[in-house]
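See below for the structure under consideration.
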Amino acid sequence: MTMQGWELQDIHLRRGQTPVFAGLHLQLHEARIGLIGFNGAGKTSLLRMLAGLDVPQQGRIVRQGETLHSAERGHAPSRRVGLMFQNPDDQIIFPTVQEELQLSWRSAHPGSSRAQAAQAVADFLQQRGLAHWAERAVGSLSQGQRQWVCWLAMRVAQPEVLLLDEPYASLDLPGQLRLAADIAACPQQVLVSTHVLDYVRDYPRVLWLEQGQLRLDGPGQQGCAAYE
């Protein structure tokens with residue numbers, strides 16, 4: 001399955017004096033795309049640019065024919081694109097699961113009331129068999145459970161594109177399998193950065209980044225085998 005997606009045109013990005021991308025060109029139209037490569041290859045930077053958290057010093061990022069971020073226009077995070085960070089503690093704001101998910105739901109439903117958000121989140125957790133998580137304190141959760149809260153927050157917000165940065169890193173094997181099944185069932189476009197190759201091996205497209213350059217671009221089986 002393919003969909004109208006992204007076009008990155010002549011992207012140049014630096015962090016301080018360190019170049020991350022220099023003339024990167026990409027089209028990202030597939031429903032499932034994996035990002036692989038060593039630490040520092042540029043995977044997180046690519047996701048942050050797509051989410052509007054970083055702006056290139058040169059070039060522009062176009063989605064569905066509309067320029068979202070460019071050196072000339074700057075950038076603005078979009079509710080249509082959701083990014084799940086590597087570290088859940090960089091993402092979670094509120095002290096309980098219920099409050100955290102309500103924030104995500106209300107961001108997707110401007111003008112909604114607190115009562116509407118509370119009911120929607122309660123229904124969402126009930127449907128997933130997680131009603132008992134609602135009042136749990138985030139501080140009492142394990143790293144993997146907090147990672148799962150971040151995933152639930154993205155699902156309840158329902159952005160059009162899901163960007164996942166090392167989503168499997170903190171999860172045990174059952175959690176990884178549940179997440180992989182959830183991702184497979186999502187109707188949205190999903191980009192996954194990961195070192196756990198088994199979960200992107202069957203993707204129609206995997207990008208192997210190395211020092212900000214595209215070393216390989218092809219089907220998941222091919223890309224993962226070459227990387228290994």
Side-chain angles (χ1 to χ4, degrees), residues 31-33 35 43-44 47-54 63 68 75-196 199-200:
R32 298 290 180 270
I33 299 174
L35 303 177
K43 303 186 299 297
T44 295
L47 295 181
R48 287 181 59 87
M49 282 198 304
L50 296 179
L53 299 180
D54 287 343
R63 181 169 178 271
L68 295 186
H75 61 102
S78 171
R79 288 195 300 267
R80 293 179 294 174
V81 181
L83 171 63
M84 191 167 93
F85 293 7
Q86 289 186 35
N87 185 349
D89 295 333
D90 291 338
Q91 187 161 341
I92 295 174
I93 299 173
F94 285 96
T96 69
V97 173
Q98 175 80 23
E99 292 171 299
E100 185 66 24
L101 298 192
Q102 283 180 207
L103 172 67
S104 294
W105 192 88
R106 293 188 76 178
S107 72
H109 299 83
S112 60
S113 69
R114 184 174 300 178
Q116 288 174 316
Q119 186 60 56
V121 168
D123 293 343
F124 173 79
L125 290 173
Q126 181 69 39
Q127 291 165 6
R128 300 181 69 93
L130 293 172
H132 60 289
W133 274 39
E135 300 305 322
R136 292 193 65 175
V138 170
S140 71
L141 302 178
S142 70
Q143 181 85 354
Q145 289 172 325
R146 294 197 298 276
Q147 189 84 334
W148 197 256
V149 170
C150 293
W151 171 246
L152 294 176
M154 291 192 70
R155 292 306 308 275
V156 80
Q158 289 295 308
E160 296 173 9
V161 181
L162 307 180
L163 309 174
L164 311 181
D165 195 2
E166 297 293 346
Y168 298 104
S170 300
L171 301 179
D172 58 16
L173 182 57
Q176 291 181 11
L177 294 172
R178 285 195 299 271
L179 178 59
D182 252 15
I183 291 173
C186 285
Q188 299 103 318
Q189 185 184 38
V190 184
L191 279 71
V192 180
S193 166
T194 184
H195 292 292
V196 188
Y199 296 113
V200 298

Check your understanding: Which pairs with one or both residues in residues 175-195 pass ring-ring contact (aromatic ring centres under 6.0 Å, His included), sequence neighbours excluded?
Key -> none
Check your understanding: What salt bridge (Lys or Arg N to Asp or Glu O under 4.0 Å) pairs are there with at least one residue in residues 167-184, not counting sequence neighbours?
Key -> R128-D182, R155-D182
Study note, to complete from the structure: L50 and V81 have their tightest heavy-atom pair at O-CG1, 4.0 Å
Practice item. Using the six-membered ring wherever Trp is involved, compare the ring planes of W148 and W151 and label them parallel, tilted or perpendicular (cut-offs 30° and 60°). Key: tilted
Review point. Are side-chain heavy atoms of V149 and P88 found at a separation under 4.5 Å?
Key: no
Revision key, fill the gap. Rounded to the nearest 0.5 angstrom, the CZ-CD distance for R63 and E160 is 4.5 Å
Check your understanding: Do D123 and Q119 have side-chain N/O donor and acceptor atoms under 3.5 Å apart?
Key -> yes
Check your understanding: What pair of heavy atoms forms the shortest contact from R32 to I183, and how long is it?
Key -> NH2-O, 2.8 Å
Exercise for review: With side-chain contact (heavy atoms from CB on, under 4.5 Å) as the test, would you mind laying out the steps for D54 and M49 before giving the verdict?
Suggested key: CA-CA 5 Å; D54 287 343; M49 282 198 304; 4.0 Å; yes
Revision key, fill the gap. CG (L83) and CG (L191) are apart, to the nearest 0.5 Å, by 10.5 Å
Check your understanding: Is the number of heavy atoms from other residues, nucleotides or ligands under 6.0 Å of Q116 CD greater than 12?
Key -> yes
Practice item. Give, for atom CD of Q91 and atom CD of Q147, the distance between the pair rounded to the nearest 0.5 Å. Key: 8.0 Å
**Study point:** Residue pair S193 / K43: nearest heavy atoms and the distance that separates them
**Key:** OG-CE, 3.4 Å
**Study point:** side-chain contact (heavy atoms from CB on, under 4.5 Å) between L173 and Q176, intermediate numbers included
**Key:** CA-CA 5 Å; L173 182 57; Q176 291 181 11; 4.2 Å; yes
Check your understanding: What are the two closest non-hydrogen atoms of L35 and L47, and how far apart are they?
Key -> CD1-CD2, 3.7 Å
**Study point:** ring-ring contact (aromatic ring centres under 6.0 Å, His included) involving Y199 - partner list, sequence neighbours excluded
**Key:** Y168
Practice item. Determine, stepwise, if the pair L53 / F85 fulfils side-chain contact (heavy atoms from CB on, under 4.5 Å). Key: CA-CA 12 Å; L53 299 180; F85 293 7; 3.9 Å; yes
Study note, to complete from the structure: For A157 and S107, the nearest pair of non-hydrogen atoms, with its separation, is CB-OG, 4.5 Å
**Study point:** Sidechain-backbone polar pair: E100 side chain, A153 backbone, donor-acceptor under 3.5 Å
**Key:** no
Practice item. Could you tell me which non-hydrogen atom of M154 sits nearest to which non-hydrogen atom of L162, and how far apart they are? Key: CE-CD2, 3.5 Å
Review point. Say you draw a straight line from CD1 of I93 to CD of E99; how long is it, rounded to the nearest 0.5 Å?
Key: 11.5 Å
Exercise for review: For side-chain contact (heavy atoms from CB on, under 4.5 Å), just list the numbers for V138 and Q145, CA-CA rounded to whole Å, side-chain angles, deciding distance to a tenth of an Å, and then say yes or no.
Suggested key: CA-CA 9 Å; V138 170; Q145 289 172 325; over 6 Å; no
**Study point:** Distance-only side-chain donor-acceptor flag, Q98 / Q102, under 3.5 Å
**Key:** yes
Review point. Which value, rounded to the nearest 0.5 Å, describes the distance between E166 atom CD and T194 atom OG1?
Key: 5.0 Å
Review point. Can you tell if the side chain of Q143 reaches within under 4.5 Å of the side chain of D89, non-hydrogen atoms only?
Key: yes
Practice item. Could you grab the distance from atom OG1 of T44 to atom CD of Q86, nearest 0.5 Å is fine? Key: 4.0 Å
